[in-house]
Structures are given as structure tokens and as C-alpha cells.
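Okay, so here's the structure we're looking at.
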Amino acid sequence: MKNVNSKEVSVLVSGPFNEPFDYVLEDKNTNLSIGQIVLVPFGKRKIVGIIIGDGTKTIPETKLKTVLQVYDLEPIPKPSIELMNFLASWYCVFKGLVLKMILSPIEAITSPDFEKVYESNFLNKNEIKEIDKIKITKKRKLVLDFLLNLDIGKSQNDIIKQTGVSKAILKDMTKKKLVQEKKVYKTLNLDSHFLKNSKENKKNYDFLNLEQKFAVDRINDSIIKTKSDCFLLDGVPGSGKTETYFETVRTCLDQGRQSLILLPEIVLTPDWEKRFFQKFSFAPLVWNSEITKKKKKKIWLSALNGTAGVIVGARSALMIPISNLGLIIVDEEHEQAFKQEENIRYNARDMAIYRSSRSSAPIVLASATPSLETFQNAKSGKYIHLTLPKRATGATLPHIKLIDLSTHPAGKGKWLSPLLVCKIESKLNNKEQSLLFLNRRGYAPLSICNSCGDKIKCVNCDTWLVEHRSKNILVCHHCGYSRTFENVCKKCGVEGQIKACGPGVERIEEEIKETFPQARLIVLSSDTMNNHKILNQTVEKIKNNKVDIVIGTQMIAKGHDFPNLKLVGIVDSDVGLSGGDLRASERTFQVLQQVSGRSGRHSKKEEDKGVVLIQTYDSKNPIINAIAKNNRNEFFDKELKSRQHANMPPYGRLASIILSSRLERKLETFSTELLKVAPFFKNVKIFGPAPAPIYFLRGRFRRRFLIKSDKNVNIQDVILNWTRKINTPNHIKLTIDIDPFSFM
Ligand code: ADP
Ligand code: ZN
């Protein structure tokens with residue numbers, strides 16, 4: 001990395017700033033690189049920042065403040081700095097705030113954990129000889145030989161374990177200056193994370209089928225040649241995508257480089273970790289919302305100094321400054337979870353592609369149902385399209401059938417058609433498992449008072465409260481507000497008339513309990529499975545056949561492999577289609593296809609084939625039919641045509657501006673003022689300010705603009721020039737959302 005040459009340096013601090021500030025270095029700090037992490041005075045505070053270049057010389061040196069501390073750490077790697085710059089300009093956010101995400105957890109820098117290590121005081125083996133009458137005994141030689149084989153210091157424990165000498169001997173050797181004691185940052189043990197085991201490698205590779213091998217070879221070639229190619233690894237659920245990218249991770253390790261695997265949080269299960277461990281005999285470094293700060297500090301430091309071999313995490317893992325990155329995997333790349341919707345609104349998948357392009361590391365996007373953007377990029381040749389067309393276990397694809405609810409309706413107050421119930425019964429008799437999918441948490445999505453017709457709403461939001469009968473509460477799924485369910489209408493005061501409308505998973509559970517009282521049931525939703533431990537135990541239970549019927553939300557849609565699951569029933573395929581937003585049909589298709597993929601994953605014989613039954617009132621719907629016919633590409637092509645026709649992404653560009661305030665009137669006035677200064681360009685269309693679909697959220701009123709443009713327009717510039725024309729009052733929050741996913 002480029003060095004800075006002057007005593008004055010330009011420092012970007014972590015905070016809401018785009019521009020760096022100049023500081024002066026103390027004499028002892030010479031030869032620093034760009035990316036070096038420093039502590040600087042800032043007003044009355046001290047802030048951590050990074051050096052991004054020489055000082056600007058616009059302020060006399062005597063007036064500059066001095067850098068307080070240069071941390072003894074590797075500089076933030078260049079690709080991470082480039083990512084910071086790009087992300088900030090793409091999503092119209094402050095560079096300094098992106099830097100804050102990169103330098104997180106900040107305690108890794110400001111209060112790291114240290115450990116003592118020992119290094120040999122001899123440079124090489126030939127030099128080991130008696131000095132000043134200090135004998136090199138056999139035991140001392142053992143320690144020195146061990147240390148000289150490594151290029152990093154070793155902890156006392158490691159040395160004792162490896163050489164069998166006692167603590168006292170090591171202590172004595174330190175005193176006699178044969179070895180040197182050093183304090184270093186606590187990071188990971190290098191050896192266990194870079195393994196070389198070519199015999200094992202060959203065995204794993206040979207296990208793959210032809211298509212998998214082709215994909216591995218192609219990706220390996222880019223890893224070895226350090227080409228930042230972008231691959232789409234496209235294969236039906238169970239086609240062996242995970243197995244395939246594991247082999248490329250192995251290659252990356254063999255090259256002595258680091259891998260980053262991004263997974264949506266819900267896919268990142270202990271199950272996945274276990275599978276990784278079985279393949280590699282070491283645990284990957286897991287980065288998600290559940291790990292402790294202590295662990296995060298260690299992983300962050302190990303990523304920066306290059307000792308972390310494989311990091312697997314949810315979207316925020318992309319921000320870890322991995323210094324020697326050789327490969328990025330984005331599994332389930334179509335998942336909405338990669339888009340962060342709060343604070344800094346960014347899409348980790350898109351930014352991962354950018355990160356790869358700056359790191360001479362290829363990126364692999366894996367999915368059974370790629371997003372339309374990705375599919376289009378693969379079709380046009382921008383991405384390299386690798387396909388795995390069949391199930392890797394040799395299992396047949398499931399048999400998919402529609403149940404028309406208008407001709408085969410469920411009984412009164414019930415939600416499952418007799419056709420579906422009958423199939424569940426036959427699976428029960430065969431001792432096979434069934435899965436009922438409904439993407440609605442709780443008991444009922446809506447409660448109405450039968451007496452006055454009032455629909456029970458949240459106090460903070462414009463949304464209906466969802467009844468959770470198991471806990472006897474009503475909950476808002478948007479802000480988390482909850483209250484005890486009482487069967488008294490707050491509006492008209494009539495008692496006992498509150499009626500549940502529509503089904504949630506709890507209601508399906510109730511129906512199954514009534515119909516099949518002996519069946520062993522489990523409900524899988526974020527309410528029942530609120531941590532990884534519980535989820536893991538449940539998944540094990542299902543795998544070990546301790547459950548007959550699983551009822552689940554989209555949490556169950558992916559990742560899991562249940563060998564004895566032979567029937568998937570989709571309770572309501574029409575949910576989601578009516579949402580009306582840009583990606584509603586794409587998303588419905590993805591979820592339904594993912595869920596269908598759970599059925600009969602290991603069935604090899606025709607008569608043993610997995611079955612999928614889809615309940616619908618809309619049997620002519622093209623999406624539902626595309627799923628029934630298993631014709632993904634036909635659906636994608638149709639959907640792409642309609643997007644092209646409407647100049648929507650991936651053909652045109654979209655952005656939103658969300659304005660929110662506690663003061664309704666003033667929000668309205670400001671929105672109108674903003675509209676008055678809206679720019680006028682031929683290829684940019686501005687819609688709004690419309691009340692947001694969720695007009696009232698967490699106590700704030702909300703209005704939205706939607707900006708639509710041709711692909712070649714710099715939509716960020718248009719929006720920034722526009723919104724800077726007038727001052728945004730303090731009570732208003734103005735959020736820019738580039739490439740929005742949510743239109744609520
Ligand atoms: P995906 O990620 O596409 O859903 P996985 O990699 O999880 O697929 O593989 C699905 C199942 O098939 C797993 O049980 C896996 O061990 C098995 N599998 C993968 N590749 C092969 C192969 N070449 N031969 C036999 N089984 C395989
Ligand atoms: Zn609410």
C-alpha cells in the first residue's frame with residue numbers, strides 16, 4: 001500500500017463526515033501507510049480514524065492538531081477503503097459512517113485483548129549454539145527448533161503442548177535470553193485455519209458429479225489466477241451448490257488466502273457450521289448477531305492480520321477488513337436479507353460484487369432462484385453462468401399439484417382442503433413427514449370486533465395487530481408493540497365479540513391438532529425459534545424423525561435437509577401476490593420454489609417421489625402455474641419482459657426518498673416544498689409525495705417520493721442536488737433509499 005510521505009496527514013474520522021481533516025504526526029511516526037488506524041483529537045473528544053493520504057497543506061502546520069496514537073495494526077486494506085468510498089457515494093451516505101461499520105467493533109482497536117507469545121532469539125537452526133556458557137540442552141533445543149519452524153510467536157500453552165517441556169524451562173529460557181517474550185494482539189491460531197491436505201482434497205473433489213466438477217474447475221481457475229470474475233452458481237435446491245463452493249473455499253485456503261461466505265442470517269445455522277466442520281476439520285469463524293464482542297474482536301483482528309482462514313457471516317461481515325481476500329461466496333443471493341433497511345441502506349450482495357472487483361478475488365452468487373437482476377446479468381454474459389441441473393443425491397424432483405380452493409374448499413373455520421388433509425394422513429400412515437408452509441406468524445393476522453366492525457390497530461403504526469394466542473397477546477410485527485389480548489372491544493366496549501380473521505401458523509397448528517391428535521407437531525417460526533440453540537435442537541428432532549408434521553413460516557424455506565420429508569403443503573400461495581410492489585411476484589415465486597424444494601430431497605424411486613400440494617384460489621395465476629410446471633426460466637423471461645416494458649430494474653433505475661416526522665402538518669408542508677424544487681429531466685420521473693403504505697410507523701408520519709430513471713442516469717446526483725436545494729428541518733428525517741426493496 002502507498003506510503004504517506006509528509007508529516008502532515010489527511011485523516012478520515014469515523015462519524016458523519018465525507019471530508020477528511022488534516023493532522024500532524026509526531027516525529028517518531030514515520031513511514032505510515034494509507035489505511036493506518038489512528039486516534040485523533042476531535043473537538044473535545046478523541047476519535048478513531050484512518051489515514052487516507054498526505055495532508056492538504058491548506059492550513060499552516062503550527063495550527064494543526066497532533067495525531068494522538070498510531071495503532072500497531074495492519075492498515076485497513078485498500079479494497080476496503082475503496083468499498084467505503086463506493087458504498088458511500090452509491091447510497092448517498094457519509095464515508096465516515098461507512099468507516100464506522102468497517103472499524104467495528106471499535107473495541108478491537110481501542111481495547112484489544114493481548115496474549116504473551118515467545119519467539120526464538122536465534123535467527124536459524126545453524127546458529128543455535130552455546131553462548132556465554134548457556135548450554136543448549138535437549139529440552140531447550142526442542143523449544144528452539146519448534147519456534148524456528150514458525151514465523152510467528154507461540155503462546156506458552158502451545159509450546160508446552162507441542163514440545164512437552166515444563167513451564168519452568170520456558171521461564172528459565174526467557175531469563176537466559178534464549179527466547180524472547182512478546183505481547184501481541186490476541187488473534188487466531190494460524191495453523192489450524194490454513195490446512196494443506198491434498199489427499200483429503202482429492203477425495204472430496206472425486207465425490208462431486210460432472211457438473212459440480214466443471215463449476216469447481218472454472219471457479220478455481222479464477223481463484224488461482226486472482227481474477228475477479230463473478231459467477232452465478234445456479235442449481236435446483238439440493239443440486240449440490242454448497243458442496244461445490246466448499247471445494248472452491250478449499251482451493252482458496254490452499255492458495256494461502258482468506259474466504260468470506262455471506263449467508264442470510266436464517267440460513268446461518270449450527271447445521272451449516274457442522275457440515276463445514278465435517279468437511280474441513282476446523283470451525284469457520286462465524287460472524288452474526290449472536291456472537292460475543294470478545295469473539296468479534298478476535299475475528300476482526302485475525303481478518304486484518306491475515307490469519308483468519310474462512311469467515312462466514314450475515315451481511316455485516318462484508319465490512320470486515322479482510323486483508324488477503326481470495327474468494328467471496330454469497331449464498332441465497334436473491335435473499336432480501338442482504339439489503340439493510342435501517343441506518344445505512346445498502347445491499348450487501350451488490351457491494352460484495354464491488355468488493356470482489358477490487359480484491360482480485362472471484363465472487364460466487366449461489367441460488368436456486370436467482371434474483372431477476374442476477375439472472376439477467378448471467379444471460380447477458382456479464383456473469384459466468386454455472387448450472388447444476390439435477391439433485392445431487394440422484395433424487396427425483398417432487399411432483400407438484402395445485403389444489404383449487406374454489407372447487408375443493410376447506411371446511412367452515414378451517415384452512416386445509418380435504419385433498420391436502422387426505423395426503424397428510426397417508427404420509428402419517430407411511431411414517432413419513434409433512435411440512436405445511438404459511439408465511440404468517442401468530443394465530444391470525446387480523447382481529448375484528450363483530451359488533452362495531454373495528455379492526456384492531458397498533459398504537460404506533462398504521463398496521464393491524466396480530467394475535468398470538470399461545471402467549472395471549474396482540475403484537476405489531478413492525479414496531480414490536482404488544483398488549484394482552486382481552487375479548488373486549490376498545491371502541492364500542494362490547495364483550496366477547498372479537499373475531500380472528502385469516503390464518504397464521506398457530507391456527508394451522510390448532511386445526512392439525514384437532515384432525516390428527518396423535519401426530520407429533522412442531523411450529524417453526526421466529527416466535528417459537530428465537531435463538532440458534534432452540535432452532536438447532538428442533539432441526540435435529542425433525543431429522544431424527546421425532547416429528548410427524550412441521551408447520552412453518554419462511555424460516556423453514558431454505559437450508560435444511562430433512563431426509564424423511566415427503567409432502568409439502570402450501571397453505572396459501574396467494575399471500576404476497578397481492579402486495580403489488582415491484583418484486584412481489586418474483587419473491588412469491590422464490591419462496592414457493594424454495595419450500596417445494598424441501599420435499600423428497602432423497603427420494604430416488606418414482607413411487608417414492610416427494611409431493612408438493614399448493615392451495616390457491618387463483619389457479620390461473622402465471623406464477624403459480626410456472627411453479628407447478630417447474631418452469632423457472634419461462635417465468636423469469638416473462639417477468640423480465642414486463643419489467644423492460646415498464647422501464648423497471650434491471651432495465652431502469654429506482655430510488656425512494658422517505659420523509660418522516662412526528663408533526664403531521666409540517667411534514668406535509670415540507671413535502672410540498674420539496675416537490676416544488678424537484679428537478680425536471682426528460683429521463684427521470686418523480687412520483688409523490690404520497691403517504692407511505694404504512695403511513696404511521698413507530699410514532700412517525702411518513703411520506704415517500706419514488707424516483708424512476710433510465711439506466712444511464714446518475715440518479716444519486718439527481719437526488720443529492722435536489723434535496724440539498726432546501727434545508728431539511730430538524731424534526732424531519734430524510735432517508736434516501738437507492739435500489740429499494742421495500743416500498744412500505
Ligand atoms: P444445495 O446447496 O444445492 O441445496 P447441497 O450442497 O446442500 O445442495 O447438497 C444436497 C445434498 O446432496 C447434501 O446432502 C449433499 O451432501 C449431497 N450431495 C452433494 N453433492 C453430491 C454428490 N456429488 N454426490 C452425492 N451427494 C451429493
Ligand atoms: Zn406498531
Side-chain angles (χ1 to χ4, degrees), residues 200-220 231-251 259 261-264 266-281 284 310 312 327 329-335 364-370 374 378 385-398 433 435 539-540 542-545 554-566 568 590-605 608 610 612 630 632:
E200 198 60 26
N201 292 2
K202 180 133 189 358
K203 209 173 80 198
N204 278 298
Y205 180 83
D206 286 345
F207 166 76
L208 302 176
N209 63 36
L210 272 179
E211 287 91 358
Q212 286 173 311
K213 278 184 181 148
F214 178 82
V216 170
D217 292 346
R218 189 60 198 79
I219 299 165
N220 280 352
F231 295 93
L232 167 61
L233 183 59
D234 176 5
V236 294
S239 58
K241 298 183 292 296
T242 312
E243 211 67 40
T244 301
Y245 72 65
F246 274 176
E247 281 317 295
T248 66
V249 167
R250 196 188 297 281
T251 307
S259 310
I261 305 173
L262 297 179
L263 294 171
I266 48 167
V267 182
L268 185 53
T269 53
D271 207 30
W272 189 99
E273 289 166 42
K274 212 166 13 178
R275 196 167 157 193
F276 184 98
F277 189 85
Q278 280 164 357
K279 281 278 150 191
F280 290 91
S281 320
V310 181
V312 52
L327 173 68
I329 310 280
V330 183
D331 200 356
E332 310 285 357
E333 68 86 28
H334 60 277
E335 268 293 315
V364 178
L365 311 176
S367 176
T369 53
T374 301
H385 198 165
L386 302 167
T387 43
L388 306 178
K390 20 177 222 289
R391 282 182 158 177
T393 48
T396 49
L397 285 168
Q433 290 167 321
L435 164 70
V539 166
E540 280 308 307
I542 302 172
K543 283 190 172 183
N544 296 330
N545 270 321
Q554 72 170 15
M555 193 173 208
I556 198 74
K558 54 203 60 145
H560 307 293
D561 193 5
F562 302 128
N564 201 30
L565 185 69
K566 295 291 163 64
V568 166
Q590 281 159 350
V591 167
L592 295 189
Q593 172 147 339
Q594 292 275 4
V595 182
S596 306
R598 300 299 114 204
S599 185
R601 275 165 76 90
H602 295 264
S603 316
K604 299 215 168 115
K605 284 176 267 153
D608 188 33
V612 179
N630 219 331
R632 188 194 75 183

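Because the structure is predicted, anything quoted here is derived from the model rather than measured. Remember, it's 1-based here, ligands and their atoms both numbered in the order they're listed.
In this structure, V310 and F276 have side chains that are in contact, with non-hydrogen atoms separated by less than 4.5 Å. The side-chain heavy atoms of N545 and Q433, taken from C-beta on, include a pair separated by under 4.5 Å. Counting heavy atoms from C-beta outward, K566 and N564 have side chains that approach closer than 4.5 Å. V612 is not listed as a side-chain neighbour of L592, based on a closest heavy-atom distance of 4.5 Å or more.
From the protein, the heavy atom lying nearest to atom 2 (O) of ligand 1 is T242 OG1, 2.6 Å. The protein non-hydrogen atom at the shortest distance from atom 20 (N) of ligand 1 is Q212 NE2, 3.0 Å. Among protein heavy atoms, the minimum distance from atom 1 (P) of ligand 1 is reached at K241 N, 3.5 Å. Atom 4 (O) of ligand 1 has G238 N, 2.9 Å as its closest protein atom, hydrogens excluded (heavy atom only).
Every atom of ligand 1 is numbered from 1 in the order shown, and the set under 4.0 Å from a heavy atom of N209 is 23 (N). Shown in contact with G240 at under 4.0 Å from a heavy atom are these atoms of ligand 1, numbered in order with element: 1 (P), 3 (O), 5 (P), 6 (O), 8 (O), 9 (O), 19 (C). In summary, the atoms of ligand 1 found under 4.0 Å from a heavy atom of L208, numbered by their order in the structure, are 23 (N).
Between L210, D561, N204, it is D561 that holds the heavy atom closest to atom 13 (C) of ligand 1. Considering only non-hydrogen atoms, atom 15 (C) of ligand 1 lies nearest to E243 out of E332, E243, H602. The closest heavy-atom contact to atom 17 (C) of ligand 1, among the options L388, T393, D331, comes from T393. Considering only non-hydrogen atoms, atom 19 (C) of ligand 1 lies nearest to A392 out of S239, S367, A392.
The shortest non-hydrogen separation linking D206 to K213 is O-NZ, 3.7 Å. The nearest pair of heavy atoms linking R250 to K279 is NH2-O, 3.5 Å.
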Practice problem: Begin with the C-alpha distance, continue with both residues' side-chain angles, and end with the deciding distance and a verdict on side-chain hydrogen bond (donor to acceptor under 3.5 Å, both in side chains) for E247 and Q212. | Solution: CA-CA 10 Å; E247 281 317 295; Q212 286 173 311; over 6 Å; no
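Close N/O approach between F207 and ligand 1 is found [any backbone or side-chain N/O within under 3.5 Å].
Residue contacts with ligand 1: G235 is excluded, as none of its non-hydrogen atoms falls under 4.0 Å. R275 counts as a contact of ligand 1, since one of its heavy atoms falls under 4.0 Å from the ligand.
Side-chain atoms of R632 come within 3.5 Å of backbone atoms of A368 as a donor-acceptor pair (strictly under, hydrogens ignored).
For the atom pair OG1 of T369 and CD of E332, the computed distance is 7.0 Å after rounding to the nearest 0.5 Å.
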